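As structure tokens, the structure follows; a few thoughts come after it.
Everything numeric in this text was worked out from a predicted model, so none of it was measured. Nothing fancy with the numbering, it's 1 onward along the sequence. Note that ligands are numbered from 1 as they come in the structure, with each ligand's atoms numbered from 1 the same way.
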Amino acid sequence: MGAPSLLIKAPAKINLALAVHGRRADGYHTLETVLQTVPLADTLTFFHRRKPGLLFRCSAPELENVDNLVYRAARALEEDAGTALPGVEIVLRKAIPRAAGLGGGSSDAAATLIALNRFWGLGRNRDQLARLGAALGSDVPFFFYGPTALARGRGEIVTVLPPLPFLWAVLALPAGLRLSTAAVYRALPDPLPPPPGLEPLLRAIRQGDRGQVLQWLAGGNINTLAGVVRPRYPEVHDLLTTLTGLGLPAALSGSGPAVFGLTPSRQKAFAVSRRLQEEGRQAYLCWVGERTPGNRS
Ligand code: C5P
């Protein structure tokens with residue numbers, strides 16, 4: 001193994017809205033979702049190898065296998081290039097909780113495509129990489145266009161949105177609970193419940209109005225999948241109630257079980273994340289969006 005060649009961060013995401021509109025014949029669902037990156041991130045390092053071939057290592061041994069989206073993304077890019085490429089060793093250090101609705105695996109895949117495109121000098125542009133990414137997972141394309149974007153179709157049609165106004169974020173997870181996204185989608189009722197209309201959130205983002213963003217979150221019913229997860233998993237329901245009770249409008253991220261709460265108050269975010277940690281819950285203090293002169297805190 002030589003000197004580190006390239007290090008890249010793969011951020012987690014939260015869903016500020018997730019509206020499921022219909023079922024497709026291929027088993028996927030049509031949706032509209034507003035995604036936002038958060039600073040909680042995995043780290044990927046790419047090392048030159050003298051020998052040809054791909055070596056993949058991961059800080060979580062159970063994820064160190066050829067099914068990992070990092071390995072599959074590297075293979076997909078190599079196949080797309082259609083030629084043998086120089087050897088590389090990829091080391092993934094996980095920080096994002098798995099099967100949590102935070103998009104860790106998808107973000108790792110996008111980061112791999114971005115990094116190896118440079119590492120191998122392939123010259124693919126962002127749209128080409130995102131198309132490759134879409135074949136690996138519905139959330140992968142978003143990570144080429146974040147930090148804030150609207151995704152439609154099954155998630156692969158991405159429109160960039162203006163950055164969110166700055167807000168503190170508390171991410172929290174019930175201990176030891178991992179959910180399969182496929183199982184959550186399968187449990188949706190038939191007919192599907194009426195989806196939330198995203199216009200108030202999109203308007204709030206376009207206007208950079210953080211009061212309206214918080215009001216959107218406080219209004220509830222912003223994620224169709226919460227209708228499945230919340231009643232089945234009391235720990236998720238409890239976390240959402242706790243965050244709301246402590247004054248943070250909160251919602252489920254993706255198919256969960258991670259939840260997030262947002263607040264303009266640094267003190268409140270610190271206090272809430274510390275309290276959750278003291279209660280033995282997995283909680284992270286983060287932020288979203290961009291500071292502007294009007295919304296510093
Ligand atoms: O695309 P990805 O592999 O991340 O999706 C995981 C699972 O989530 C799919 O197999 C499918 O069951 C479900 N899904 C869906 N509709 C979407 C995205 C995901 O039904 N738009």
Side-chain angles (χ1 to χ4, degrees), residues 10-38 42 60 62-63 65-77 79 92 94 96-114 129-146 149-159 177-198 201 222-230 232-233 236 251-258:
K13 60 82 179 163
I14 54 175
N15 300 77
L16 298 168
L18 197 164
V20 179
H21 287 285
R23 290 188 166 88
R24 302 189 346 177
D26 62 3
Y28 281 91
H29 292 74
T30 49
L31 51 79
E32 278 185 303
T33 180
V34 175
L35 297 134
Q36 169 67 45
T37 56
V38 291
D42 292 341
E62 69 277 19
L63 297 181
N65 56 61
V66 294
D67 293 329
N68 193 293
L69 280 177
V70 167
Y71 190 86
R72 288 174 50 203
R75 279 273 170 265
L77 190 59
E79 217 165 276
L92 167 63
K94 286 299 289 181
I96 305 171
R98 303 191 280 290
L102 294 172
S106 303
S107 187
D108 294 342
T112 301
L113 292 174
I114 291 166
L129 294 176
R131 269 198 296 279
L132 274 178
L136 298 164
S138 307
D139 279 344
V140 179
F142 159 70
F143 290 99
F144 293 93
Y145 302 97
L150 168 69
R152 290 175 295 124
R154 72 172 172 90
E156 81 284 18
I157 306 166
V158 183
T159 310
L177 180 62
R178 288 184 187 153
L179 295 183
S180 143
T181 303
V184 171
Y185 273 98
R186 265 199 308 274
L188 281 168
D190 191 13
L192 290 165
L198 271 50
L201 174 65
I222 63 158
N223 179 341
T224 308
L225 302 177
V228 170
V229 174
R230 206 171 171 157
R232 285 179 188 219
Y233 300 98
V236 175
L252 186 74
S253 182
S255 55

With backbone taken as N, CA, C and O and side chain as the heavy atoms from C-beta onward, which portion of Tyr185 lies under 4.0 Å from ligand 1: side chain, backbone, both, or neither?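 Only the side chain of Tyr185 comes within reach of ligand 1.
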For ligand 1, does Thr30 get within less than 4.0 Å through its side chain, its backbone, both, or neither, judged by non-hydrogen atoms?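 Answer for Thr30: neither.
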Spacing of CG belonging to Leu16 relative to OG1 belonging to Thr33, to within rounding of 0.5 Å: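 If we round to the nearest 0.5 Å, Leu16:CG and Thr33:OG1 are 8.0 Å apart.
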CG/Leu113 to CZ/Phe143 distance, rounded to the nearest 0.5 angstrom?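 It comes to 12.5 Å.
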Out of all atoms in ligand 1, which are within 4.0 Å of some heavy atom of Arg154? Include the element for each.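 Heavy-atom distances to Arg154 below 4.0 Å select 1 (O), 17 (C), 18 (C), 21 (N).
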Protein contact to [atom] [nearest heavy atom, distance to 0.1 Å]:
atom: atom 16 (N) of ligand 1; result: His29 N, 2.8 Å
atom: atom 5 (O) of ligand 1; result: Tyr28 CE2, 4.1 Å
atom: atom 4 (O) of ligand 1; result: Ser138 N, 3.7 Å
atom: atom 10 (O) of ligand 1; result: Ala182 CB, 4.2 Å

With sequence neighbours excluded, give me every side chain to side chain donor-acceptor pair (under 3.5 Å) pair touching residues 98-111.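 Every side chain to side chain donor-acceptor pair (under 3.5 Å) pair that includes a residue of residues 98-111, provided the two are not neighbours, is Glu62-Arg98, Lys94-Asp108.
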Has Gly27 got any heavy atom lying under 4.0 angstrom from an atom of ligand 1?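 It does, in that a heavy atom of Gly27 comes within the 4.0 Å cut-off of ligand 1.
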Non-hydrogen atom of Asp139 closer than 4.0 Å to ligand 1: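 Judged by the 4.0 Å heavy-atom criterion, Asp139 does not count as contacting ligand 1.
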Can you sort out the partners of Tyr185 under ring pair (Phe, Tyr, Trp, His ring centres under 6.0 Å), two or more places apart, ordered by chain and number?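 Scan of Tyr185 (ring pair (Phe, Tyr, Trp, His ring centres under 6.0 Å), adjacent residues dropped) gives His29.
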Is the shortest N/O to N/O distance between Thr181 and ligand 1 below 3.5 Å?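 For ligand 1, there is no N or O atom that lies under 3.5 Å from one belonging to Thr181.
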Checking Arg154 side chain against Ala134 main chain: does a donor-acceptor pair fall under 3.5 Å?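 Indeed, once roles are kept as given, a pair shorter than 3.5 Å links the two residues.
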Does the pair Leu225 and Asn15 meet the rule for a side chain to side chain contact (heavy atoms under 4.5 Å, CB included), with working shown? CA-CA 11 Å; Leu225 302 177; Asn15 300 77; over 6 Å; no
Residue pair Thr159, Arg152: steps toward the side chain to side chain contact (heavy atoms under 4.5 Å, CB included) verdict: CA-CA 8 Å; Thr159 310; Arg152 290 175 295 124; 3.8 Å; yes
